Amino acid sequence: MLELQGVGRDYTLGATVVRALDAVDLQLARGESLALLGPSGSGKSTLLQVLGCLDQPSRGSYRLDGVEVSGLHRNELAALRCRKVGFVFQRFHLMPRQTALQNVMLPLRFAGVEPRRQRARAEELLARVGLADRMRHRPSELSGGQQQRVAVARALANDPCILLADEPTGNLDSRAGEEVLELLLELHAAGTTLVVVTHDEELAGRMQGIVRLHDGRIVADSRAKPVG
């Protein structure tokens, strides 16, 4: 469903060029779950941004659901991201003055969905993540775990082909973190393609595969077949 070949990403800081990704080859099948592991500065977040069409490679090829991402214009990239990708962030990134229902409706509005369908879809998703009785509460009236569930519902709004989660349990206590992880695993079991960036080895071990990065390169892929 996605394929990276020789992908690199460079950033210029003054007179210095920082190579955040270097010759990355990666494939992910539809319905697979994958953890990206590595120390700070290893390239995990940059890779996630490229996968989610928030950034583009400096070189190499990236195909998402059959579409070559490299070279797309900004508006084309945004449209592809809206249709194909759902994001769950460590810090939730909910609109504080909006209710849970309104937060989940936002990506549907940006996608041009008719208002009545926006509401119906948002209500369906909030019920799916166990928040049918909290739809009209603002983020400040919800626990951290509940806020992350709203974020998951929002990520699913446009029925994306891939869900990207960046340290989704990092700001939660152990109980709330486990609940959110169970929700993500349930979504994966129902067919959602899932990529999780994490520092948590235990969490990573619950994905189907683990890719380890160091200095912008993939140094290990648990899915790789042994040579010979």
Side-chain angles (χ1 to χ4, degrees), residues 33-36 44-45 48-49 51-54 78-200 202-204 206-207:
S33 66
L34 184 69
L36 301 179
K44 302 186 307 297
S45 294
L48 197 75
Q49 288 171 359
L51 294 178
C53 301
L54 292 170
L80 181 66
R81 187 169 61 241
C82 183
R83 296 194 313 271
K84 301 288 187 180
V85 185
F87 291 95
V88 180
F89 300 100
Q90 180 177 355
R91 299 186 182 278
F92 318 139
H93 293 311
L94 300 177
M95 301 295 288
R97 296 182 181 276
Q98 305 291 309
T99 64
L101 184 65
Q102 291 167 329
N103 267 282
V104 179
M105 289 170 64
L106 278 175
L108 294 159
R109 187 173 72 190
F110 292 144
V113 175
E114 187 270 328
R116 189 174 300 176
R117 289 182 57 206
Q118 290 178 30
R119 187 180 187 89
R121 174 67 171 161
E123 289 178 345
E124 171 195 341
L125 287 169
L126 285 167
R128 184 177 180 184
V129 301
L131 292 176
D133 60 341
R134 310 291 283 178
M135 294 185 187
R136 289 166 181 79
H137 289 71
R138 292 183 174 86
S140 61
E141 300 170 315
L142 301 173
S143 69
Q146 289 171 334
Q147 289 183 62
Q148 193 63 297
R149 285 173 174 269
V150 175
V152 171
R154 180 185 58 189
L156 296 172
N158 287 321
D159 194 22
C161 66
I162 185 169
L163 183 61
L164 305 178
D166 190 359
E167 298 283 1
T169 63
N171 272 2
L172 304 176
D173 61 37
S174 58
R175 179 178 176 180
E178 180 63 24
E179 290 175 352
V180 168
L181 176 57
E182 288 294 338
L183 173 59
L184 293 175
L185 292 173
E186 287 173 14
L187 293 170
H188 171 252
T192 300
T193 307
L194 177 64
V195 177
V196 178
V197 164
T198 182
H199 288 91
D200 187 336
E202 183 178 350
L203 187 158
R206 296 170 75 174
M207 301 296 117

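What you see is a predicted model, and the numbers here were worked out from it, not measured in a lab. When reading the values below, keep in mind they use all heavy atoms of this one structure, side chains included, and skip hydrogens, waters and symmetry mates. One is the number of the first residue; the rest follow in order along the sequence.
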Identify the heavy atoms of [X] and [Y] that sit nearest to each other, and give their distance.
X	Y	answer
Glu141	His137	OE1-CA, 3.3 Å
Ala151	Phe92	CB-O, 4.1 Å
Val180	Pro168	CG1-O, 4.3 Å
Pro107	Cys82	O-SG, 4.3 Å

Practice task
Tell me, yes or no, whether the heavy-atom count around Glu114 atom CD, taken from other residues, nucleotides or ligands under 6.0 Å, exceeds 12.
Solution key: yes
Any heavy-atom pair between the side chains of [Y] and [X] that's under 4.5 Å?
X	Y	value
Gln102	Arg109	no
Glu179	Leu172	no
Val150	Pro139	no
Leu108	Asn158	yes
Val195	Val197	no
Arg128	Glu186	no
Val88	Gln148	yes
Leu184	Leu163	yes

Nearest 0.5 Å, what's the [atom1]-[atom2] distance between [X] and [Y]?
X	Y	atom1	atom2	result
Gln49	Leu164	CD	CG	11.0 Å
Leu101	Leu131	CG	CG	11.5 Å
Ser140	Leu94	OG	CG	11.0 Å
Thr193	Leu187	OG1	CG	11.5 Å
Arg119	Glu123	CZ	CD	5.0 Å
Arg206	Thr198	CZ	OG1	11.5 Å

Hey, is the main chain of [Y] close enough, under 3.5 Å, to the side chain of [X] for a donor-acceptor pair?
X	Y	result
Arg138	Pro96	no
Thr192	Leu194	no
Arg154	Asn103	no

Practice task
Please test Arg134 against Leu126 for side chain to side chain contact (heavy atoms under 4.5 Å, CB included), starting from the C-alpha separation and ending with a verdict.
Solution key: CA-CA 8 Å; Arg134 310 291 283 178; Leu126 285 167; over 6 Å; no
Handout entry: Verdict with reasoning, Val152 to Arg149, per side chain to side chain contact (heavy atoms under 4.5 Å, CB included)
Key = CA-CA 5 Å; Val152 171; Arg149 285 173 174 269; 5.5 Å; no
Problem - Under-4.0 Å salt bridge between Lys44 and Glu167 - result: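 So Lys44 does not pair with Glu167 through a salt bridge.
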Problem - Residues Glu124 and Arg121 bridged, charged N to O under 4.0 Å - result: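 Between Arg121 and Glu124 there is a salt bridge, with a charged N closer than 4.0 Å to a carboxylate O.
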Practice task
From the options Leu34, Val196, Leu36, select the one residue that forms a side-chain contact (heavy atoms from CB on, under 4.5 Å) with Met207.
Solution key: Val196
Exercise for the section: Anything under 30° is parallel, anything over 60° is perpendicular, the rest tilted; go ahead and classify Phe89 against Phe87. Expected result: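 The rings of Phe89 and Phe87 lie parallel, inter-plane angle below 30°.
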